[in-house]
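Here the structure is laid out as structure tokens; the discussion comes afterwards.
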Amino acid sequence: MEPNTDQPNIEAILNGDSREFAKIVDAYKNLVFTVALRMVKNTEEAEEVAQDTFVKVYRSLEKFKGDSKFSTWIYRIAYNTCLDRIKKHKKETHHIAIDEIEGFEIKHMDNALHHLIDKEKSKLVKKCVERLAPKDAALITFFYFEDKNLAELAVVMDLTENNVKVALFRARKRLAKVLKEQLNSETIYNYE
Amino acid sequence: MNDQEELNQLMDRFMNDDKLETPPLDFTEKVMTAVHTVQRRKIVYRPLVPKYVMIIVLLCVVTFTVVGIAYGDMTLDISQYLSGLQDVNLWFTNFFHSVKISNTLSYTIVLTGLMVCIQVFFLKKHFDKRFI
């Protein structure tokens, strides 16, 4: 979980205290970088986008009115910066069709996951989220790392809470589909 | 429990194993270097006319007023002033009389003005929203 830096000393930063700003960077860099990496799908670009995000945060600190949580404000800037980068480089995002997953398939996936050790599981999560479209990947990442707060997510992604629920429902289904494919391919690979 | 709820629970359990990525070790350092560059470039408000010049101008105005009141001839010829104003008015009337603007052009100017005003409002709202 992210450390509690939700009340940063903005006045000190505006007066030139760069150490205060470094604290903010340290507190939010991991989630900002993770979201950037999962959206732009390239480590170097993700680093650039994350840096741009913090520079934008610094430039706009005066504009932060406190209407939302400070973290929400930073994540919104990060999300928009990623979208701008994707638009600028006209990256093609392949959309995964939503398939109905039957009850027995869910149990099959659950069993398969039980046999994996923690390290393998986190590797698999990473692989699956990477395959999602940028918006889905961002939504899933923010949702699970930001205490499943739909209201904050709605602000970050500029959607209504109901739309976030719908988007999350679809993103989870797509993630399940990717997971199913991944587990199938890994099982086949293990048998070969 | 229906399939959807089961799937949601499975996804929740699956995502419990998700871990945050870490940027390179010198990430904060790089950001701070970029921030320092921004700090240096930041525009500092400086008045167009320095304070001391403003004070000198103010002193001159006060001095001339005081001297004018004390030693000058304070009778003000209002009729001369009014005729001057009328001359200016006449010049404007003559000038605009010779310029002919068609209806289409005037409608275009008004509509363009309106569109610019509306777009400025929406653009401002859009950019404000991007940074909350």
Side-chain angles (χ1 to χ4, degrees), chain A residues 2 16 18 21-22 25-26 29-34 36-38 43 46-47 50-52 54-56 58-60 63-65 67-68 72-73 76-77 80 100-103 106-107 109-110 113 116 118 121-122 124-126 128-129 140-141 143-145 148 155 158 169 172-173 175-176 179, chain B residues 1-52 115-132:
Chain A
E2 295 292 297
S18 50
F21 190 70
V25 178
D26 281 333
K29 67 180 178 185
N30 287 353
L31 188 48
V32 168
F33 178 70
T34 305
L37 184 60
R38 289 174 179 186
T43 315
E47 203 192 324
Q51 271 185 39
D52 281 356
F54 286 110
V55 172
K56 277 184 190 173
Y58 181 79
R59 276 190 177 141
S60 326
K63 290 183 198 162
F64 178 65
K65 299 168 202 149
D67 295 343
S68 62
T72 310
W73 185 68
R76 187 185 163 99
I77 294 176
N80 284 331
E100 275 311 316
I101 293 176
E102 305 290 329
I106 297 168
K107 280 192 183 79
M109 284 195 278
D110 203 8
L113 287 176
L116 295 176
D118 287 350
K121 271 192 216 166
S122 25
L124 187 62
V125 174
K126 202 175 147 184
C128 291
V129 180
I140 290 274
T141 311
F143 181 72
Y144 286 105
F145 282 109
K148 300 174 181 170
V155 180
D158 197 18
F169 169 81
R172 271 179 172 150
K173 279 204 157 185
L175 183 65
L179 174 64
Chain B
M1 202 193 307
N2 64 24
D3 283 358
Q4 188 52 48
E5 277 173 40
E6 244 180 283
L7 185 76
N8 285 351
Q9 284 187 4
L10 175 68
M11 286 302 104
D12 288 352
R13 280 200 299 279
F14 177 57
M15 288 305 291
N16 266 342
D17 291 296
D18 195 10
K19 286 196 172 66
L20 285 177
E21 305 285 340
T22 41
L25 283 172
D26 59 348
F27 180 81
T28 309
E29 212 177 295
K30 279 183 186 171
V31 171
M32 293 318 292
T33 312
V35 162
H36 286 141
T37 318
V38 173
Q39 255 176 348
R40 274 198 295 274
R41 263 194 245 146
K42 231 177 186 177
I43 300 159
V44 182
Y45 172 74
R46 253 181 298 169
L48 205 62
V49 183
K51 236 180 197 172
Y52 72 93
M115 272 167 65
V116 168
C117 289
I118 292 166
Q119 280 187 32
V120 163
F121 173 75
F122 281 111
L123 277 175
K124 190 189 176 302
K125 230 178 157 188
H126 171 77
F127 286 113
D128 278 352
K129 256 180 109 184
R130 279 188 86 91
F131 298 109
I132 302 181

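Given the structure is predicted, the values throughout are model-derived calculations rather than measurements. Every chain is numbered from 1 and lettered A, B, ... according to where its sequence line falls, protein lines coming before strand lines.
More than 12 heavy-atom neighbours from other residues, nucleotides or ligands sit within 6.0 angstrom of CG on Leu123(B).
Looking at heavy atoms from C-beta onward, Ser122(A) lies out of side-chain contact with Asp18(B) at the 4.5 angstrom threshold. When side chains are defined from C-beta on, Met11(B) does not count as touching Ile140(A), because their heavy atoms never get closer than 4.5 Å.
Atoms CG and CG, from Leu175(A) and Leu10(B) in turn, are 9.0 Å apart once rounded to the nearest 0.5 Å. Here Leu7(B) contributes atom CG and Lys173(A) contributes atom NZ; the two are 7.0 Å apart, rounded to the nearest 0.5 Å. Atom CG in Asn30(A) sits 13.5 Å away from atom NZ in Lys19(B) (nearest 0.5 Å). From Arg38(A), atom CZ reaches atom CD of Glu21(B) across 6.0 Å, with rounding to the nearest 0.5 Å. Atom CZ of Phe33(A) sits about 11.0 Å away from atom CG of Leu20(B), to the nearest 0.5 Å.
Residue Val32(A) does not touch chain B at all, counting heavy-atom pairs closer than 4.5 Å. Looking at Asp158(A), the atoms closer than 4.5 Å to chain B (heavy atoms on both sides) all sit in the side chain, from C-beta outward.
A donor atom on one side chain and an acceptor atom on the other are found under 3.5 Å apart for Tyr144(A) and Asp12(B).
The two residues Lys30(B) and Glu47(A) come nearest to each other via the heavy atoms NZ-OE2, 3.0 Å.
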Evaluation steps, side-chain contact (heavy atoms from CB on, under 4.5 Å), between Asn16(B) and Lys121(A): CA-CA 9 Å; Asn16(B) 266 342; Lys121(A) 271 192 216 166; over 6 Å; no

Candidate pair Val31(B) and Lys29(A), rule side-chain contact (heavy atoms from CB on, under 4.5 Å), full reasoning: CA-CA 10 Å; Val31(B) 171; Lys29(A) 67 180 178 185; over 6 Å; no

